[in-house]
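Each remark here refers to the structure printed beneath this line.
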Amino acid sequence: MKVWLLLLLSAWLWAEDSFITQYEYGQMLYENPRGIGCVHCHGKHGEGAVIARYKEEGKEVVLKGPDIRHVPKKELKKALEKRYRVMPTYFLTESEIEALHYYLSTTEE
Ligand code: HEC
């Protein structure tokens, strides 16, 4: 009897764990997209962040990751595949990009 209860409980916990919403999936990818997390350069929710400050010829330069909360899905896809000077290139599937876009466009902060 006890064993059954335990089995039932673990099955239930496992199911709970594997059921995540599109928002949670998008957030997970945002933080850990098989590469450097977007979160390091674009802020906690895509609102943008300062990556670094340094001096160049005596002038202060501020390197920023832009606000990406309102980037259309097509542009998001392009940005991920493009070669930028600072931002890395990512290899994400269509459904991963979909989830990322969902997360960024529904995030409240
Ligand atoms: C190392 C820092 C860094 C990381 C990590 C990073 N980005 Fe960026 N991203 C930038 C910078 C800086 C730019 C501005 C273009 C440039 O100079 O590279 C940019 C540009 C973009 C743009 C284009 C914005 C626009 O207005 O056109 C999008 C969209 C974007 N990033 C999304 C992402 C997503 C999604 C991730 C994670 C999968 C990510 N970035 C990871 C630094 C980063």
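We count ligands from 1, going down the list as the structure has it; atoms in each ligand are counted the same way. Note: hydrogens, waters and symmetry copies are ignored here, and every other heavy atom, side chains too, is used. For the single chain, residues carry numbers from 1 onward in sequence order.
- Residue Pro33 touches ligand 1 through its side chain alone, judged by heavy-atom distances below 4.0 Å.
- Pro66 CD, 3.7 Å is the protein heavy atom nearest to atom 14 (C) of ligand 1.
- Within the listing of ligand 1, atoms 29 (C), 35 (C) sit less than 4.0 angstrom from a heavy atom of Leu76.
- Here the protein heavy atom with the shortest distance to atom 38 (C) of ligand 1 is Cys38 SG, 2.7 Å.
- For atom 2 (C) of ligand 1, the closest non-hydrogen atom on the protein side is Cys41 SG, 1.9 Å.
- Contacts between Val86 and ligand 1, counted as non-hydrogen atom pairs separated by less than 4.0 Å, involve both the backbone and the side chain.
- Heavy-atom separations between Lys78 and ligand 1 are all 4.0 Å or longer.
- Atoms CZ and CG, on Arg69 and Leu104 in that order, are 9.5 Å from each other to the nearest 0.5 Å.
- Heavy atoms of Gly35 come nearer than 4.0 angstrom to ligand 1 in no pair at all.
- Ranking the protein heavy atoms by distance from atom 29 (C) of ligand 1 puts Ala79 CB, 3.5 Å first.
- Atom 8 (Fe) of ligand 1 lies below 4.0 Å from at least one non-hydrogen atom of the protein.
- In terms of protein heavy-atom proximity, atom 12 (C) of ligand 1 is nearest to Lys64 O, 3.5 Å.
- Summarising the geometry, atom CD belonging to Glu98 is positioned 6.5 Å from atom CD belonging to Gln22; distances are rounded to the nearest 0.5 Å.
- Ligand-side atoms of ligand 1 in range of Ile36: 5 (C), range being under 4.0 angstrom from any heavy atom.
- Remark: the backbone N or O of Lys82 is paired with a side-chain donor or acceptor of Thr89 at under 3.5 angstrom.
- If you take CD on Glu75 and CG on Leu80, they are separated by 11.5 Å, rounding to the nearest 0.5 Å.
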Please table the atom pairs, donor to acceptor, closer than 3.5 Å between any side-chain atom in residues 23-34 and protein atoms at least two apart or in another chain.
unit_1: Glu24; atom_1: OE1; unit_2: Thr21; atom_2: N; d: 2.9
unit_1: Glu24; atom_1: OE1; unit_2: Thr21; atom_2: OG1; d: 3.4
unit_1: Tyr30; atom_1: OH; unit_2: His42; atom_2: O; d: 3.3
unit_1: Tyr30; atom_1: OH; unit_2: Gly43; atom_2: O; d: 2.6
unit_1: Tyr30; atom_1: OH; unit_2: Gly46; atom_2: N; d: 3.1
unit_1: Arg34; atom_1: NH1; unit_2: Glu96; atom_2: OE2; d: 3.0
unit_1: Arg34; atom_1: NH2; unit_2: Phe91; atom_2: O; d: 2.7
unit_1: Arg34; atom_1: NH2; unit_2: Glu96; atom_2: OE1; d: 3.2

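- A distance of 9.5 Å separates OG of Ser105 from NE2 of His70, quoted to the nearest 0.5 Å.
- Of the heavy atoms in Leu80, only side-chain atoms (C-beta onward) come closer than 4.0 Å to ligand 1.
- Those atoms of ligand 1 with a heavy atom of Gly37 less than 4.0 angstrom away are 5 (C).
- In terms of protein heavy atoms, atom 5 (C) of ligand 1 is closest to Tyr90 OH, 3.3 Å.
- Follow the hydrophobic side-chain contacts under 4.5 Å out from Leu63 and you never reach Ile36; the two are in separate clusters.
- Where the criterion is an N or O separation shorter than 3.5 Å, residue side chain and backbone included, His42 meets it with respect to ligand 1.
- Annotation: ring pair (Phe, Tyr, Trp, His ring centres under 6.0 Å) contacts of Tyr102 (sequence neighbours excluded): none.
- Nearest approach of Leu76 to Ile97, heavy atoms of both residues: CD2-O, 4.0 Å.
- The nearest protein atom to atom 16 (C) of ligand 1, hydrogens excluded, is given as Tyr84 CD2, 3.6 Å; this is a heavy-atom distance.
- Residue Met87 counts as close to atom 8 (Fe) of ligand 1, with an N, O or S atom under 2.8 Å.
- Listed here is the closest heavy atom pair of Lys64 and Ile51: C-CD1, 3.9 Å.
- For the residue pair Met87 and Tyr84, the shortest heavy atom distance occurs at O-CB, 3.6 Å.
- Counting protein heavy atoms only, atom 25 (C) of ligand 1 is closest to Val71 CG2, 4.4 Å.
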